[in-house]
There are 2 protein chains.
Amino acid sequence: MEQLEKDIRSCGLRVTKQRIAIYDWLRNHPVHPTADVIWKALLPRYPDLSLTTVYNTVNVLAEHGLIRTVTIRAEEQRFDGNPADHGHFYCRSCQKVLDFDIDKPSVSSMLPAGCIAEKCDVFVTGLCDVCAE
Amino acid sequence: MEQLEKDIRSCGLRVTKQRIAIYDWLRNHPVHPTADVIWKALLPRYPDLSLTTVYNTVNVLAEHGLIRTVTIRAEEQRFDGNPADHGHFYCRSCQKVLDFDIDKPSVSSMLPAGCIAEKCDVFVTGLCDVCAE
DNA sequence: TGGTATATTGTAATCGTTACAAAAAGCAAC
DNA sequence: GTTGCTTTTTGTAACGATTACAATATACCA
């Protein structure tokens, strides 16, 4: 609770109940929702929340590195409450998205010479363990 | 020239001059253009080419694995004439995109147990060698 | 407790992309 | 070649996700 406020404040942003609600929800739901999904999920508890605010907030949070943007399908943007570098596995059969840890050094070793990595996402498509049979 | 036709035909697709033009252009321009960029580039030589055809064609080619879709900025889709698994480095300073080879085995070793990788993209943001100074 | 900068809201606009129906072109069989 | 059927292209109109904007409300520093 307190930590979320601190995170937001430490970016020089004002603390509002909308920002806390959205940030909190993203942190506690390890799915990769669109802005619309976040909005619909919070609407019962925050009936006045506008979709525009959700868009504004996730953009601001992502800009400051508190959350991440993820592209699963090109035509819609998704968000991830986990701001650390990690990979996403997308099962083309059941459409599930699985997070996985990545080995930063081995990714860095693949980069063109002289490039400095700041943010890194590994996106793999295929079949998950359940669908693989 | 001939090979492009073969590629298209081997997917069960009809060979048209629009498809050859778009596929050929993508193969020979190692940039990561949007549909709009491809369209504008080909318009002088193919004044009747419609933007809709570019969209249709890149979607069909990508479906059959002849090209790839790449997401650099979430709000627009880009295409890549190289259909092989490879990584993209995006320089946040000069906006340049560099391709790099990826080590498939080491990426596979990061995946959740039992998952079968079919397509893989590593996307890294940071500073390129020129901007790093 | 005020005053001011920042955030939220709702609506309207924008942008990239796709749906659709008519016209054109590919291609296989004759 | 020519025919006929199927696929592709085209242009326009629609669509959906996202953003711009101006008015209102809120956070927070003095």
Side-chain angles (χ1 to χ4, degrees), chain A residues 1-2 4-25 32-43 45-64 66-79, chain B residues 2 4-25 32-43 45-64 66-80:
Chain A
M1 298 285 173
E2 260 306 301
L4 298 177
E5 283 199 31
K6 272 189 205 152
D7 288 349
I8 294 171
R9 214 179 294 275
S10 72
C11 295
L13 299 171
R14 290 190 177 172
V15 176
T16 67
K17 61 178 187 300
Q18 291 92 336
R19 281 177 177 171
I20 292 178
I22 293 167
Y23 185 36
D24 185 35
W25 192 89
H32 304 80
T34 59
D36 196 63
V37 168
I38 301 170
W39 182 55
K40 290 205 171 76
L42 292 175
L43 219 41
R45 259 189 302 160
Y46 302 86
D48 293 336
L49 181 66
S50 90
L51 180 55
T52 300
T53 297
V54 176
Y55 274 108
N56 286 341
T57 301
V58 290
N59 282 339
V60 168
L61 294 179
E63 251 168 50
H64 289 85
L66 297 180
I67 64 169
R68 283 213 167 201
T69 61
V70 184
T71 303
I72 308 294
R73 302 192 316 129
E75 52 272 43
E76 63 189 13
Q77 178 123 22
R78 290 164 179 272
F79 303 93
Chain B
E2 261 305 302
L4 298 178
E5 283 199 34
K6 273 190 205 152
D7 288 349
I8 293 171
R9 214 179 294 273
S10 73
C11 295
L13 299 170
R14 289 191 178 170
V15 176
T16 67
K17 61 178 187 297
Q18 291 91 338
R19 280 176 178 171
I20 293 178
I22 293 166
Y23 185 34
D24 185 35
W25 193 89
H32 304 81
T34 60
D36 196 63
V37 168
I38 301 169
W39 182 55
K40 290 206 171 78
L42 291 175
L43 218 42
R45 258 190 301 160
Y46 302 87
D48 293 335
L49 181 67
S50 91
L51 180 55
T52 301
T53 296
V54 177
Y55 274 107
N56 287 341
T57 301
V58 290
N59 283 339
V60 168
L61 294 179
E63 252 168 49
H64 289 85
L66 297 180
I67 64 168
R68 285 215 163 197
T69 60
V70 184
T71 303
I72 308 293
R73 300 193 318 130
E75 52 272 41
E76 63 190 10
Q77 178 124 24
R78 289 162 180 273
F79 303 93
D80 190 333

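First the proteins, then the strands, lettered A, B, ... as listed; each starts at 1. Please read all numbers here as calculations on a predicted model, not as lab measurements. FYI, side chains are in, hydrogens and waters are out, and symmetry mates aren't considered; it's all heavy atoms of this structure.
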**Prompt:** In whole angstroms, how far is the P atom of dT19(D) from the CD atom of Glu76(B)?
**Reply:**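 Interatomic distance, CD of Glu76(B) to P of dT19(D): 12 Å.
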**Prompt:** DNA chain C: Arg9(B) or Asp36(B), which has the more 5' nearest nucleotide?
**Reply:**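 Its nearest nucleotide lies further toward 5', so the answer is Asp36(B).
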**Fill in**
Sequence neighbours excluded, the answer for salt bridge (Lys or Arg N to Asp or Glu O under 4.0 Å) partners of Asp7(B) is Arg27(B)
**With Arg9(A) via salt bridge (Lys or Arg N to Asp or Glu O under 4.0 Å) - residues at least two apart** = Glu5(A)
**Prompt:** Is Arg68(B) reaching over with its side chain to a backbone N or O of Asp80(B), donor-acceptor style, under 3.5 angstrom?
**Reply:** no
**Item:** Distance-minimising heavy-atom pair for His32(B) and Arg78(B)
**Value:**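 Closest heavy-atom pair between His32(B) and Arg78(B): O-NH1, 2.7 Å.
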**Request:** Identify the heavy atoms of Val58(B) and Ile67(B) that sit nearest to each other, and give their distance.
**Result:**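 It is O-CD1, 3.6 Å.
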**Asked** Mind checking which nucleotides bracket the chain B contacts on DNA chain C, 5' to 3', with an atom under 4.0 Å from a heavy atom?
**Response** dG16(C) to dC27(C)
How would you list, by chain and number, every residue that makes a side-chain contact (heavy atoms from CB on, under 4.5 Å) with [X], sequence neighbours excluded?
{"X": "Ala41(A)", "answer": "Trp25(A)"}
{"X": "Thr16(B)", "answer": "Gln18(B), Arg19(B)"}
{"X": "Thr69(B)", "answer": "Ala62(B), Gln77(B), Phe79(B)"}

**Item:** side-chain hydrogen bond (donor to acceptor under 3.5 Å, both in side chains) contacts in which one or both residues fall within residues 53-64 of chain B, not counting sequence neighbours
**Value:**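 Qualifying pairs, neighbours excluded: Ser50(B)-Thr53(B).
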**Prompt:** What nucleic acid atoms does Val60(A) come within less than 4.0 Å of, heavy atoms only: base, sugar-phosphate, or nothing?
**Reply:** nothing
**Message:** How long is the straight-line distance from NZ of Lys17(B) back to CG of Asp24(B), given to the nearest 0.5 Å?
**Reply:** 15.0 Å
**Prompt:** For every nucleotide of nucleotides 4-15 of chain D, 5' to 3': is a protein heavy atom under 4.0 Å from its base (B), only from its sugar-phosphate (S), or from neither (-)?
**Reply:** --BBSSBBB---
**Message:** Could you work out how much the helix from dT1(C)-dA30(D) to dC30(C)-dG1(D) bends, comparing the axis of its first five pairs with that of its last five, to 10°?
**Reply:** 40°
